[in-house]
Structure formats: structure tokens, C-alpha cells
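Values below: every heavy atom of this structure, side chains too, minus hydrogens, waters and symmetry copies. In what follows, every chain begins at residue 1, and chains take the letters A, B, ... in the order their sequences are listed.
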Amino acid sequence: MKRDGRETFSIVNPPPNAYMRPHIGNVSGYAYQDVLLRYHRLFGKKVLGQPGKDHAGIQGEVVVEKIFIENKGKTKLDMGREKFYKASYAHFEKLMPMVMSDEQRIGLSSDYDRNLFTLDPKVVETVLGTFIKMFADNMVYKGVRIVNWDPVAQTTLADIDTERVERETELVYIKYPVSRQRVWFLSFRSKEVLERIRSGKKTIETRALNPDEPDRFFGDIQTGDLIVCVDKTDGQTLYRKVREVTAFTSMKDAFDGLDLRQVFEQEPGSLDEMRERYASLADGYAERIDKNGLVAITFAELGDDDFLTVATTRAETMLGDTAITVNPADKRYKELTGKTVALPLVDRTIPVITSARVDKEFGTGAVKLTPAHSYDDYVMMTEWNEEHPDDAVGYINIISKAGTLSGPVPERYWGMKSEDARAAVIRDLDRMGLIVKREPHTQSVMIGERSKAVIEQIMSSQWFIDVERLKQPAIAAVKNGDVTIHPEYMNKKYLHWMENLHDWPVSRSLWWGYRIPVWYKGELKEEINDEGQVIESINGTAVKGIYDAVEKGLALVQIDSPGEGWIQDEDVFDTWFSSGQWPYATIKANGLMDTFYPTDVMETGYDILELWVSRMIMLSLYTQGTVPFTNVYLHGLVKAPDGQKMSKSKNNVIAPEEIIKDYGADSLRLLYVVGNKPGSSYPVSYEKLEGYKRFLNKIWNAAKFVLLNLQDVDGAALEDMDRTKLAFNDDDRTMHAHLDALVSETKRRMEGFHLGVAAQELYDSFWHTFADIYIEQIKERLYTRDKEGNPLNMEGDDLESRRAAQWSAYTILKTYLVLLHPFIPFITETVWQELPRYKDDAETIMYAKWPGS
RNA sequence: GGGUAGUUAGCUCAACUGGUUAGAGCAUUCGCUUGACGUGCGAAAGGUUAUAGGUUCGAGUCCUAUACUACCCACCA
């Protein structure tokens, strides 16, 4: 970019984790970044390489805590938040120089005196400022969402911080009674009533008006309705269909119309006697019947068709079911879709809905939907609600943060752990005859990476950023070319991700990071209410979201504490919220925005295009009104020699030192660059490294040869020679032409970000054209003695020819060194220092001039 | 299931917006060389660019279909 007359070029180096030494793949990026930095320096530009080190969020927190435990026997809880943070900061400061030395060893020529830590107060200020701006712009909110909750560590975990383990469980088939019309709940506290239903006596009288549900008129009960008979004394529930209904308006009416022997064991005898019997069932019952009437129902047993069977590994979560889901294309359930089923044990009704996510082949093809405790169910619920806002289903959270059952479930389950509750629920359902079968099943369970505790998915209130306003400009920036992505096909991945982007959850339950700048006037409490809904309160006052809290004077969004009694939000920001601001946060911290922002290139691995690059673009457009960089170069990943992904667990990681020790940093850089294209991965090849080492040796020897043959000329004299008057022959002219073409070709390749091709061509040209052909050609003209030791090429035309060859060899070598320098800085610099120094020559090849510039 | 790529020499990979005879490293075969070279040089062999169609004066490159492979995202109730 051109600013103030002098061209500038800037790259922000992606900050490596500061807590560990990088492996050979981690440092590959620096090679590409450095090639670009050095290349642009050769054009006399003002160049900035902005380095930094990352605090690494949860991984960083885990690593340092482990060290504290080992060294001092103290966990983070022992230390307390403030102390832990300070100690961690000090620890990271100690580690940073080590990581920095790894960057330097690979040759990264960034401005190390400007190095920044991600938690540097200057950076923090920028990051938090963005959140405050978003708050002012109405873009942040707290929303209830399903999270991975580690009941042992008492924290939410990102998916990446969890593991999956196979576990033998059983798939339990549970049948739910279907209601094709309406469902009625009849609850009894009298065994007698239930006995009559159970004992085959098919007629029962009931209240015309249910005092518990004053709006329901039981006179509406019709044939075919489902009756759920709940015995409140022992939890047993019976399900019956209505066969026939007879309505009476008064006790007398009923007395006349009923065969009372079907109702009572004995003949009631008289109306009064009957009234007495009814009164014994409940206080004032008889009076109410007199007043409101009576319904006599003939029941029928439910048949197989009247149940809908689901298969589940987590029977206990049925207590929190809010729907049954079937595949819309599943003919078996066509008729039931839109109907309701009665949920046993908790006596609720839930609808049968559809989702294409349901696999018809698995289990029974019907899934119980527990949105509060299953991520998949949560997604299905969300999708359903988006498409059917009028028939939206909710969630019911029944598991507390302690990992035990709570909320709107029968009291006997309260406090049970999931697994105990599962057994209890299965036992209870079995007693009711609702368990169809149980079969062994292998299930993969999510456990905490660190605690190894089984993760409970629960509903929790989290901070969100509304991305609608962020995403559109970021999509446009790539579409209209403000940002160019290399390789080009990655555009599609970027756009696909961006177009499907949903609101961004930005809070994490950690200490090591950017604490959310929100203050509460008292304690913020998150609780599950009797309906299983998550509710928040500050100092006992219920609040609905942050704007409500601020309005009520119970919360403030600002960086510094408002004073005594105010408590800061416990969470920190998601790592991408801060790293997404890294380009301008760093350059701003160094006071260089006017000169170097927006930057020219973001060079990083293709694997974080969506996670990181997209966020940098969004956040820079939002806060700075400009893209953070004009080009994105996405390198491939370095794989182990056998083509496998390098990872600690596979024990196949290679440290940069190992390679540098045997082959040199330049060879390693060539391995990264030569012949590779962006976006595709490549394995470490010791054969190639060997080849590059020989290439470096070739350069060294070619240079040595040229210098040996320059001994009789003064450097300055050579430089002052008039090129047009030298006695070049065809060999020289061919070589010159080749080199001229190479210079412009290399430039063209570099400008187009074809680093791999550029390096490959330089490699081939130097070795096979310059060294193999041209140097061989000029040997005869350069030698000063023949095989017998007589003087040669020392006078007349021979000397003229020799001078031309010397001049050519020297200038060509110099040109090659400059062209090669961005790729192999160490060897080119070493050779450069061996060359005679001329008046215009830079002290270091880093500041040499690109040929012709 | 959704997305993105890949399939080119024995192996690992290139080939810039379609343009000579598809290249390199390593491996293989033969020869030469030691006065820049840890060696190096020269030469050879090795390909119907996954398959089948299509567009074009011209296709590894563009289009369609198929078959495999890899990666990312989602998922296994």
C-alpha cells in the first residue's frame, strides 16, 4: 500500500501459543510470512512484521494450573482469581522469549521490539472497547442456550475441550400413550377410585368442573379421548380411552340414570346415601356435583396402536421431554404427526413434530425430544420453532449444575444423579408396563478432557453477539475483492460459512482471558425455576437480559469497576472474540495505524479460515470501517513423513530444531515453500530436505568459484565497468536474457502469491542454468593458467573476454542472491558478506535492492 | 447428511488467468568427472493427466456424469 509517498507493506504474524514450543508445522507459517516481508523489503518499502504471543485460553489455563499444582500444590481455586491471573501472566512472560527464539531461528524478520502479548493491557483495552461499542449498538444479549457442562469442574466446556468415550449402555424402548383427540388428566387421592378403574368396572363418575383446572369442562369429554388417571398416592398412572360418555346435570339426575352397582360395591340405597359416599371421596365433592353435574365414562383399554414407542439411551431425560420427533417422510407416523402423547411420570402432554434429522431406520424412527439436555434435540427444536412459530416447542431443564435432577420432576427423583435417575425412571415405567424392551447399545459419551467427568448438556444463560450487522459487510468484502483469498477456491468455503453464520456465543467460564466488562450491583444468580426455565436475578431482583438490568440500575457495561459492591461478570470472552481483533489491536497498541493499517497480507493455515479470518474481517469492518488486510494467504498443513497428521497423541511431532540441526533453517524453509501451493498439505520429506541442503551447498560453492576468479580485479573497478563496452559472447547474452526473464517472472509469481512456483523456478534456474551450464561455459575464459601452468587469458581479446565473464558471473551471482534471499535468508546473507562491498551495496542483503528497482 | 478439494511418472508433488514435446525431487539404468561443489555432470527410461461423455482451432486446466480418496461441519436419539 502506498502512504505518504513511500510504499509500505505490513503483515501481522498470527500469534503462537506462548505456553509451548511450536512443532515443525506450527512454524511453517513464519516461512511464508517472512518470504513476503523480505521480498517487499527489497523494493525499498517500509515494512512491518507485527509479532505476538497468544495466551491460549482454556489450554493456557489448564497448562499453567497444572504447573502451579505441581510446584506449589495449589489449584486455581486455592489461589483465587486475581492471584491466579497474575501468576499466569508472569509465567507466560517468562515463556515468551523461548517461543520468540523459535520464530527467529526459522528466520522470521519481524519487528520483535514491537512484540505483544494477547493479554497486554493495551490490547485488552481495545478488545473490551469493542464489546462496549457493541453494547451501545444493541448487538449483545444474553440468551439461554444449551452448553456442555462439566459438573465436576463446574464450568462450561467448548466441544474441543471434550472427549468422547465408548460406553456400553442399553437402548430402552418406552411407549407413550397417544391421544388422537384430547387428553384429560384425572387425579385421585383415593385408592378406591383408582381401584374401580383398574378392577374392570368401566364406569366412573367425575367432576364436571375440576377445581384444579377451572377452565376445563369435563362435559366435553368425548369418545376416543385419552384419559390419564393419576393416582397421587403411589404415583401409578393408568391410561384409558373413552368408550362412551354420559352426562348428568345433577346428583339426582345421575341417581336416576345410573346403575349404581357399577359405581359402588354396594347399592347406595338412596340419594342421600350416594351423596354421602361422594362426600367421602373429597370435601364438598357432592355439593359441587349437585351444582355442576356429573359425567359417567366408560373406559376401554389402550391397544397397541394407542402407544407410540421411542428408543432412548437416556430414559431419565424423558422427564424433560417437550415433544416427540419423527421424520416427515416416515409413513408409519404420518397419522400421528400433529397429535399429542401423554408423558408418563410427569403427566404432561407433548406434541408429535417432524424433523428431517430423524433417522427412520434407527430405533423406532421416533425420537423423544429433550432440548435442554441433548444438543441434537436442541437443534431440532430450534429448527422446528423457526419454521413453526405458532406451534413452537420449549425446553424443560431438569438437571442442575450439580449434575442432579431438579425442577419440574416428581420429588422422588430430586437430587439423583443422571445414572441413578435413569434406573429409577426405567423401573417406574416398567411397573406401569410402558417399557417395551431393552437392548444393549454402544454409545459414545462426552467427557471433560481434563476432569474426565461425564458432560451434562444443560441450559444456561450465555453472552451472544448478534452477527447480522457484522456478516453482511464481511461477505461483501470478499465478494467485491476488498479481500482476496489465496487459493481462490477458499472463497466458497468462506462464503458458505458466513452465509450460514448464526449468533455468536462469546462467553466462556474461565479465568485466563478477557473478563467480560459488565458489572452487577450484587450477585448475579442463574436458577432453574419450577417450570424448568433458566432465570437470572441480580441481588434478588429478576432481570431479563442485560439491557433490562442496566435499565433497572443493576448492571453497568464498562471496563473499570463502578465501585464498592459491584461484582464483575465471571466469564471471559471466547478466544475468537479477541483474536478476531488482533490485527488492529496490535498495530494500534504500537501507534502505527496510519502507516500500516489495513495490513497487506494475513498468512495463516487454511484450517482457521472460518474460525479466525472471518472474524477478523467482520470485526475490523465493524470497528475500523475497513478490512484488516487485503490478501489472505492460506498455507497447507505440514504432515508427518508418512502422510499422517502430526499430533502429540500420535507421538509423531517433529521439532524444528531437529530439522535445523541436520539440514539448516534455509532447507526447512525451502521444504515449506518450494513447489507447494496454498491450501494443500504436504508431508515432511527427508529426501527433499537432503536435496535442499545440497542446493544450499551448491550456492555456496558457486559463489566460492566466482569469488576465486575475481581475485585480480578490484570490486569497485568491476562495478564501474561500462556494461555496454564489455566483450560479451553469446553465452553471456543468453544467460543475461535468461536472468532478465527470471527476474520479471519471479516478480510476477510473487505478486500473484505463487510463492511455490517462484521458488521452484529460482531453484531450477540457479542450479541447472547458472551453475550447470553458464559456469561451465565461462570456465575456459576465467582460468588464468592452463593444465601445464602457463598463463592464460591474461592479455588482448582473451583478457577482454575474461573481464566480461567476470563481470557477468559476479553480477549474476549477486542478482541470484537477491532473488533467492526471501526464501533462504541465512545462506544468501552469509555469501553476501563474502562479496566485495561496493558503494551502493547494502550492509545486509536484507536491504539490498531488487534488480532493476 | 451438508460443504470443499483431490485423483498427473514407482513414491511425494508442481504446472500462473485453456496454448509448443505435461515438469521437478527422490528412486531406477547407462556413461563421464574429481583444479567451485559435502560430490557433481551428461544421458536414458518412466504418463491415454481416475473413468465416460461434451465445449473449443486447441483441454491436466472449462462443463456434465460416475467411481474412489482426503479434509471441514453436522450427526449416531
Side-chain angles (χ1 to χ4, degrees), chain A residues 159 164 169 171-172 310-315 317-318 321 324-325 355-359 361-370 373-377 379-380 441-444 486-497 499-500 606-611 636-637 639 641-643 645 670-671 674-677 679-709 745 748-761 763-764 767-768 771-773 775-776 779 782-787 789 809 813:
Chain A
D159 288 348
R164 284 186 174 275
T169 55
L171 198 57
V172 183
V310 301
T312 181
T313 52
R314 296 202 62 189
T317 65
M318 61 84 65
D321 281 1
I324 300 287
T325 321
S355 169
R357 289 177 186 272
V358 176
D359 179 1
E361 307 307 319
F362 190 91
T364 61
V367 186
K368 56 185 278 305
L369 196 82
T370 320
H373 304 295
S374 155
Y375 186 76
D376 315 336
D377 293 2
V379 170
M380 285 195 269
H441 183 73
T442 311
Q443 184 198 19
S444 75
H486 311 272
E488 200 193 340
Y489 66 77
M490 294 283 182
N491 275 341
K492 289 187 213 160
K493 290 179 72 176
Y494 172 87
L495 292 172
H496 180 259
W497 168 272
E499 275 153 13
N500 291 300
Y606 71 85
D607 53 333
I608 48 177
L609 167 68
E610 293 100 329
L611 292 172
L637 307 181
K639 295 188 179 166
D642 60 359
K645 196 173 172 178
L670 288 171
L671 176 73
V674 175
N676 290 324
K677 54 182 173 186
S680 37
S681 304
Y682 50 92
V684 170
S685 159
Y686 289 102
E687 289 84 4
K688 283 191 178 175
L689 282 167
E690 190 59 46
Y692 296 138
K693 189 176 167 185
R694 281 194 209 144
F695 176 60
L696 301 178
N697 186 49
K698 192 77 182 175
I699 293 172
W700 176 251
N701 280 298
K704 190 166 111 191
F705 174 81
V706 171
L707 288 172
L708 278 174
N709 288 287
E745 181 75 349
R748 197 171 65 85
R749 300 290 198 197
M750 295 299 288
E751 309 287 317
F753 289 90
H754 301 286
L755 312 189
V757 183
Q760 177 87 59
E761 285 173 352
Y763 173 99
D764 287 342
W767 198 327
H768 303 301
D772 289 350
I773 299 175
I775 287 184
E776 291 304 320
K779 274 182 177 170
L782 289 176
Y783 286 149
T784 53
R785 293 194 181 277
D786 65 16
K787 297 215 162 157
L813 172 66

Regarding [N], can its base be found pairing with the side chain of [X] as donor and acceptor, where the two atoms are less than 3.5 Å apart?
{"X": "A:K698", "N": "B:rC37", "result": "yes"}
{"X": "A:E776", "N": "B:rA36", "result": "yes"}
{"X": "A:K493", "N": "B:rA5", "result": "no"}

Hey, does the side chain of [X] come within less than 4.0 Å of [N]'s phosphate (OP1/OP2), counting only N and O?
{"X": "A:K779", "N": "B:rA36", "answer": "yes"}
{"X": "A:Y692", "N": "B:rA24", "answer": "no"}
{"X": "A:K688", "N": "B:rA24", "answer": "no"}
{"X": "A:R694", "N": "B:rC37", "answer": "no"}
{"X": "A:S680", "N": "B:rA14", "answer": "yes"}
{"X": "A:K677", "N": "B:rA15", "answer": "yes"}
{"X": "A:W767", "N": "B:rC41", "answer": "yes"}

message: Looking at A:T370 and A:H373, would you say the former's side chain and the latter's main chain have a donor-acceptor pair under 3.5 Å?
response: no
message: Whether the side chain of A:N697 engages the backbone of A:K693 through a donor-acceptor N/O pair (distance < 3.5 Å, no angle test) should be reported.
response: no
Classify the nucleic acid contact of [X] as base, sugar-phosphate or nothing, counting any heavy atom under 4.0 Å across all strands shown.
{"X": "A:V358", "result": "base"}
{"X": "A:L707", "result": "nothing"}
{"X": "A:A702", "result": "base"}
{"X": "A:Y375", "result": "sugar-phosphate"}
{"X": "A:S374", "result": "nothing"}
{"X": "A:K645", "result": "sugar-phosphate"}
{"X": "A:A703", "result": "nothing"}
{"X": "A:D772", "result": "sugar-phosphate"}
{"X": "A:H486", "result": "nothing"}

message: Take a 6.0 Å sphere around CD of A:E488 and say whether it holds more than 12 heavy atoms from other residues, nucleotides or ligands.
response: no
- line: So NZ of A:K688 and CG of A:L670: to nearest 0.5 Å the spacing works out to 11.5 Å
message: Could you check whether A:K368 and A:T317, counting side-chain N and O atoms only, form a donor-acceptor pair closer than 3.5 Å?
response: yes
Electrostatic pair A:R748-A:E745, nearest N-O below 4.0 angstrom: yes
- request: Could you tell me the separation between the NE2 atom of A:H754 and the P atom of B:rC13, rounded to a whole number of Å?
  value: 20 Å
query: Mind checking the P distance from B:rC11 to B:rG18? Whole angstroms is fine.
result: 30 Å
- prompt: How far does the C1' atom of B:rA36 sit from the matching atom of B:rG31, given to the nearest Å?
  reply: 23 Å
